Every structure is written in C-alpha cells, then in structure tokens.
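Source: prediction; values computed, not measured. Numbering of ligands and ligand atoms starts at 1, following listing order. Counting begins at 1 with the first residue of the sequence.
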Amino acid sequence: MIIDIFSLFPDMFNGPFSDSLMARAQSKGLVKINIHDLRQFGEGERRTIDDRPYGGGVGMIMKVEPIERAINSVKSDDTHVILLTPQGKRFDQKMAMNLKEKKHLVFICGRYEGFDQRIHDHLVDEEISIGDYVMMGGELPAMVVVETTVRLLPGVITKAEATEKESFSDDSNELEHPQYTRPEDYKGHLVPKVLLSGDHKKIEAWKKSEAQAKTKRNRPDLISPDFDTQSEEE
Ligand SMILES: C[S@@+](CC[C@H](N)C(=O)[O-])C[C@H]1O[C@@H](n2cnc3c(N)ncnc32)[C@H](O)[C@@H]1O
C-alpha cells in the first residue's frame, strides 16, 4: 500500500510514524508513507493556501486549487482520496477494513475553518471524521486512520488472530473479553479460577459470556444501535 499525506505541518508525523510497529511496517516494505508539505502547492510567492470566506464569517477557508494540485501530483487510477473533516462519516473498524484493501490512499489534512465546499463535493472519494468533536487540524485524525488501517495489513501484526478476535473485528458486535496476566493475586483481586483450570472448553465459554457482559455494561449501543449511551450517562 502507498499512502500520501498532505499537511501544513508535515513534521507532526515524524514521531508517530517512526516508532514501533509503524516503523517496522515501513521498513519491511508493507507500506510506503509519503508526507507532503501542502504549502508547496500554494499560490504566489507566499504560497497561499487559504482565503476569507464569501458571505463573511470568522477564520480562513482552505482554497480549492492548491488541494487539487496536491491531489493531482500523486493521483493514479488506484487512488482513493480521503478528506479529514468533522463533517465526515465517523471512523470505525469496518471502515479501516475497507481501506486496507486499497492500493493507494491520499489523506488531506485541514486547518483553520476547514475546506471550501467544492473540495468536499468534487475532489475527494470519502470524508472521514474521527469523532464528534472539533480538533485544530487533520493531522492527528489522519494518524488515527492510517495507524488503524496499517495495523490490519498482512504481516504488520505477526499473529493474524490478534487482529481477528478483538473488539469490533468480527460480526458478533462484541468487545473483547477481559484479559489477565501475572500476578494471580493483586492486592486480593484474583484472576478468575476458570482461566487457570486448563479446561479449554470452559475457558472459551467464559470468554464468550464475559465478552457479552462487558459489551452490555460498557457499550449497550453495540447490541441495540438505538440505545443512546450519552443520555443514559446524563
Ligand atoms: C478547526 S477544524 C475546522 C472545523 C470546521 N469549521 C467545522 O465546523 O466542521 C480544522 C480541520 O481539522 C480537522 N479536524 C478537526 N476535527 C476533526 C475530526 N473530528 N475528524 C477529522 N478531522 C478533523 C479537519 O481537517 C478540519 O478541516
């Protein structure tokens, strides 16, 4: 997979993409990530990227032509262009599973008051939000989407079942079951006996029922989509 990311703050990506599994995925050649300075596609001597909104209003809007030039500089027939915006579809594991099938992903990170609507309407294939809140820019959202997607690429996590049997990853709509490691006794809080029994059938049954109980407790909306977690908490 090839990933091209366009941002006004390309240095922000240095840390998160050069450590741990993200670094290994790149050094193993499983993904090639190119970070581009969006400013180089700006207009005039000052490389202008933004302008004032028609009709008035606060802040600056990202212009359409620089974004078009940026996309065209890397675009091929396999390209899938993603706009990071709080107005997009809320990102989830299923979307990451779809993205991992693409050969070439392009991410456009916004700043200021966001994008000229014609960018949303005519230049991108998908608009993604990482949640119902507004951040300062699209860089952290891009990192969230890229890391979640790259993690699913074959060979990035060496044990395939690690990504197959976890929260949000199968059709059961369940969170992963509770997990324990040593010590067996932490200040009187014991590891459930069944996990020490060696009886694999019983262990699997326990995992299933605990996963269901945890989902009901923490994320009832996964079981009944109409359930409103927020108002329940208020
Ligand atoms: C301050 S925000 C602009 C928000 C815009 N005025 C609005 O109300 O939708 C600047 C940029 O941050 C990014 N951004 C902020 N929150 C985001 C989110 N939840 N998901 C994805 N991108 C986000 C987008 O690229 C956005 O263009």
Side-chain angles (χ1 to χ4, degrees), residues 1 3-17 22 31 33-43 46-75 79-100 102 104-152 167-168 219 221-222 228-230 233:
M1 175 183 275
I3 296 177
D4 284 286
I5 301 174
F6 291 91
S7 158
L8 287 169
F9 299 96
D11 290 347
M12 283 181 72
F13 292 87
N14 288 343
F17 286 178
M22 284 301 291
V31 61
I33 303 179
N34 308 308
I35 313 290
H36 308 268
D37 186 353
L38 201 41
R39 178 95 33 212
Q40 65 176 306
F41 301 94
E43 283 162 6
R46 301 189 64 195
R47 298 273 170 223
T48 304
I49 285 287
D50 55 322
D51 209 336
R52 284 169 301 168
Y54 279 119
V58 287
M60 300 294 270
I61 308 298
M62 293 184 74
K63 289 163 69 67
V64 63
E65 300 99 322
I67 303 289
E68 181 180 37
R69 279 194 289 276
I71 294 170
N72 285 346
S73 72
V74 295
K75 201 173 165 89
T79 302
H80 186 76
V81 183
I82 294 164
L83 194 70
L84 281 319
T85 162
Q87 303 169 18
K89 187 169 174 211
R90 196 157 52 184
F91 188 58
D92 63 18
Q93 192 73 14
K94 282 199 181 72
M95 288 162 78
M97 285 176 193
N98 286 332
L99 291 181
K100 89 166 192 330
K102 311 278 183 201
H104 181 207
L105 297 177
V106 170
F107 291 87
I108 310 292
C109 306
R111 281 272 156 178
Y112 319 124
E113 279 308 308
F115 303 99
D116 184 305
Q117 183 60 35
R118 290 162 294 186
I119 298 170
H120 295 259
D121 292 345
H122 304 294
L123 295 186
V124 306
D125 298 302
E126 190 172 0
E127 299 173 273
I128 295 183
S129 162
I130 60 161
D132 294 345
Y133 41 81
V134 178
M135 298 192 70
M136 295 180 193
E139 287 75 15
L140 290 171
M143 290 177 209
V144 168
V145 177
V146 168
E147 180 174 314
T148 310
T149 305
V150 167
R151 185 171 176 273
L152 297 174
S167 308
F168 315 113
R219 291 293 306 276
D221 55 304
L222 291 176
D228 182 350
T229 321
Q230 298 300 337
E233 279 165 9

Please check this pair: side chain of Ser129 against backbone of Gly131, looking for a donor-acceptor N/O pair closer than 3.5 Å. yes
Looking at Glu147, I'd like to know if its CD atom is crowded, meaning that more than 12 non-hydrogen atoms belonging to other residues, nucleotides or ligands lie closer than 6.0 Å.
no
Side chain to side chain donor-acceptor pair (under 3.5 Å) filter on Arg151, not counting sequence neighbours, yields Glu166
Next on the checklist: With a sphere of 6.0 Å drawn around CZ of Arg118, does it hold more than 12 non-hydrogen atoms of other residues, nucleotides or ligands?
Outcome noted: no
Check whether Asp125 reaches the backbone of Val81 with its side chain - one donor and one acceptor, N or O, closer than 3.5 Å.
yes
Ser7 vs Glu139, side-chain hydrogen bond (donor to acceptor under 3.5 Å, both in side chains): CA-CA, chis, key distance, verdict
CA-CA 7 Å; Ser7 158; Glu139 287 75 15; 2.7 Å; yes
Residues with a heavy atom under 4.0 Å from ligand 1, by chain and number, are Leu84, Thr85, Pro86, Gln87, Gly110, Arg111, Tyr112, Glu113, Gly114, Phe115, Ile128, Ser129, Ile130, Gly131, Tyr133, Val134, Met135, Met136, Gly137, Gly138, Pro141
